[in-house]
Amino acid sequence: MYCALYDAGRCRSCQWLEKPYPQQLSEKQSLLEQLLSQTAVAEYLPPVTSALQGFRNKAKMVVSGSVERPIFGMVARDGEPVDLCDCPLYPARFAPVFEVLKPFIARAGLTPYNVARKRGELKFLLLTESSQGGMMLRFVLRSTSKLEQLRAALPWLQQQLPQLKVISANIQPVHMAILEGEEEIALTPDQALAECFNQVPLYIRPQSFFQTNPQVAADLYATARDWVAELPVSSMWDLFCGVGGFGLHCATPEMQLTGIEISAEAIACAQQSAEQLGLDKVSFAALDSTQFATSREQVPQLVLVNPPRRGIGAELCAYLSEMAPDYILYSSCNPSTMAQDIARLADYAVSRVQLFDMFPHTAHFEVLTLLIKKGGAT
């Protein structure tokens, strides 16, 4: 992938851009196998590859410059703004949206926030695209002082960009490098962007997490579904479930499934999908996954975990070791903490491991691992 910004030294987010893609995959696979070198792994499946450009479904743009000439992108270490509208990681459909948003900033009177002066209103623009064609746009503002101006200018924007199905304003009043605040204000009647992976309807709400590489995410969910379909299970938990991608793929009409996620926004998405699929034995709740699990006196046959980068941790590992579900399916965005957790789960054998290259040109990747209780399930 060629990137003019990288060549000019203005953006180095893709640290591995100069490495040929086969080398990137080889190094990631080697790192994964090194991290699990103290664990007996029955099978490593071949890595799942990604498109090399245009694969991201989300842009997080710092807004700088002036109200008449805003710059969307990031701020370099020297304090200079860097325009990322032509970043090759984004699909070609993003650039025309950014071009319309630039004059819209002036129409709405949204002065870009100046970090040094602590003045201005518009901090970030967050744009997300669904593979179904719709888009979600979030304005991250310092306060609500320009909210009515924004509302008044929106009809022009919606006329120019009818693909914007969901629009909201997020209020982030703190003078810190925090992407968003707690308060989200809906600016369109619909606040759920429809998505679909593998014939499974999914929804993205403004404050719910969603994978940024939809092609690889769809492959990841489909793989989990296929692995679970091979197991003799009729009950499972989906912990740290997000919008329910894993659980909704694995669920069957007979499967008793409970999905747990701390984000109420994400749970609202999961519930909407389950209702649409007619899965009456599936339930989702907005709770802390570790607290939910460790308070239960019984476990299902399969526990699926998809934790944040910190992993599932010692407390949940100890609980799972004690309660001993037949199977654990572990999806990880940080193989280092996954390896630590697997080491704690000494009563489980690692049946299969597969790398999913969700983040080409970087050292990051996702991993799916199936663990089977030793001396029990097969």
Side-chain angles (χ1 to χ4, degrees), residues 57-58 126 128-136 138 165-168 170 180 182-212 214 217-218 220-222 224-225 228-229 233-296 298-308 312 316 329 331 333:
N57 63 357
K58 185 172 185 177
L126 309 179
T128 302
E129 180 186 57
S130 162
S131 64
Q132 307 302 294
M135 290 185 174
M136 173 169 65
R138 302 171 66 201
K165 306 300 183 184
V166 176
I167 306 175
S168 67
N170 179 275
E180 59 186 79
E182 294 183 6
E183 184 180 4
E184 195 84 23
I185 300 168
L187 299 177
T188 51
D190 195 350
Q191 285 292 291
L193 182 65
E195 180 56 281
C196 188
F197 289 173
N198 310 306
Q199 290 77 54
V200 175
L202 299 170
Y203 292 92
I204 312 170
R205 295 179 68 87
Q207 290 185 297
S208 63
F209 169 79
F210 200 83
Q211 296 284 8
T212 58
L220 175 63
Y221 294 149
R225 176 193 61 199
V228 170
V233 298
S234 58
S235 61
M236 68 177 284
W237 287 344
D238 182 6
L239 303 182
F240 312 94
C241 71
V243 301
F246 280 107
L248 293 164
H249 274 76
C250 297
T252 63
E254 299 76 33
M255 179 78 79
Q256 197 78 40
L257 184 147
T258 302
I260 302 297
E261 163 65 42
I262 195 71
S263 165
E265 283 274 274
I267 288 298
C269 296
Q271 290 170 334
Q272 186 174 353
S273 296
E275 183 178 334
Q276 188 172 335
L277 288 167
L279 296 169
D280 53 13
K281 291 187 177 181
V282 171
S283 62
F284 292 95
L287 300 167
D288 178 273
S289 290
T290 300
Q291 290 179 10
F292 165 82
T294 54
S295 67
R296 295 303 185 271
Q298 289 184 310
V299 294
Q301 295 159 299
L302 166 67
V303 175
L304 189 155
V305 294
N306 180 31
I312 64 174
L316 186 50
L329 188 56
S331 175
C333 60

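If you read the sequence from its start, that first residue is 1, and numbering goes on from there. All values reported here derive from a predicted model rather than from experimental measurement.
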Distance-only donor-acceptor pairs under 3.5 Å for side chains of residues 264-275, two or more places apart:
from: E265; atom 1: OE1; to: Q207; atom 2: N; distance (Å): 3.4
from: E265; atom 1: OE2; to: R205; atom 2: NE; distance (Å): 3.1
from: Q271; atom 1: NE2; to: F284; atom 2: O; distance (Å): 3.2
from: S273; atom 1: OG; to: P201; atom 2: O; distance (Å): 2.8
from: S273; atom 1: OG; to: C269; atom 2: O; distance (Å): 3.3

Stepwise side chain to side chain contact (heavy atoms under 4.5 Å, CB included) test for L193 and M135: CA-CA 7 Å; L193 182 65; M135 290 185 174; 5.6 Å; no
Please determine whether side chain to side chain contact (heavy atoms under 4.5 Å, CB included) holds for the pair F209 and E261, giving the CA-CA distance in whole Å, both sets of side-chain angles, and the decisive distance to 0.1 Å. CA-CA 11 Å; F209 169 79; E261 163 65 42; over 6 Å; no
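Between N57 and E129, the side chains place no donor N or O within less than 3.5 Å of an acceptor N or O (distance only, hydrogens not considered). Looking at Q291 and T294, their side chains never bring a donor and an acceptor atom within 3.5 Å of each other.
No side-chain heavy atom of V305 sits less than 4.5 Å from a side-chain heavy atom of L329. Using a 4.5 Å heavy-atom threshold, the side chains of L302 and W237 count as separate. The shortest side-chain heavy-atom distance between I260 and F240 does not fall under the 4.5 Å cut-off. Counting only heavy atoms from C-beta outward, the side chains of L277 and V200 approach each other to under 4.5 Å. Between L239 and V303, some side-chain heavy-atom pair lies under the 4.5 Å cut-off. The shortest distance between side-chain heavy atoms of Y203 and Q276 falls below 4.5 Å. E195 has its side chain within reach of S131: a pair of non-hydrogen atoms, C-beta onward, lies under 4.5 Å apart. No side-chain heavy atom of L257 sits under 4.5 Å from any side-chain heavy atom of K281.
Remark: E182 CD to N170 CG distance equals 9.5 Å, nearest 0.5 Å. Remark: K58 NZ to I204 CD1 distance equals 9.0 Å, nearest 0.5 Å. Between the CD atom of Q191 and the CE atom of M136 there is a distance of 8.5 Å, given to the nearest 0.5 Å.
At distances below 3.5 Å, not a single donor-acceptor pair connects side-chain atoms of Q256 with backbone N or O atoms of S234. A donor-acceptor contact shorter than 3.5 Å is absent between the side chain of S168 and the backbone of L187. Side chain of D238 to backbone of G247: a donor-acceptor contact under 3.5 angstrom is found. Between the side chain of S235 and the backbone N or O of Q301, at least one donor-acceptor pair lies under 3.5 Å.
Taking all atoms of both residues into account, the shortest heavy-atom contact from L316 to I312 is CB-O, 3.6 Å. In terms of heavy-atom proximity, P307 sits nearest to C333 at O-SG, 4.1 Å. Closest of all the heavy-atom pairs between V228 and M255 is CG1-CE, 4.1 Å. Shown here for R138 and P206, the closest heavy-atom pair between the two residues is NH1-O, 2.8 Å. The nearest pair of heavy atoms linking A222 to H249 is N-CD2, 4.2 Å.
Within the structure, the salt bridge (Lys or Arg N to Asp or Glu O under 4.0 Å) test picks out no pair touching residues 239-251 (sequence neighbours left out). Listed by first and then second residue, the ring pair (Phe, Tyr, Trp, His ring centres under 6.0 Å) pairs that reach into residues 259-283 come to none, sequence neighbours excluded.
Using cut-offs of 30° and 60° for the angle between ring planes, the Y221 and F246 rings count as perpendicular.
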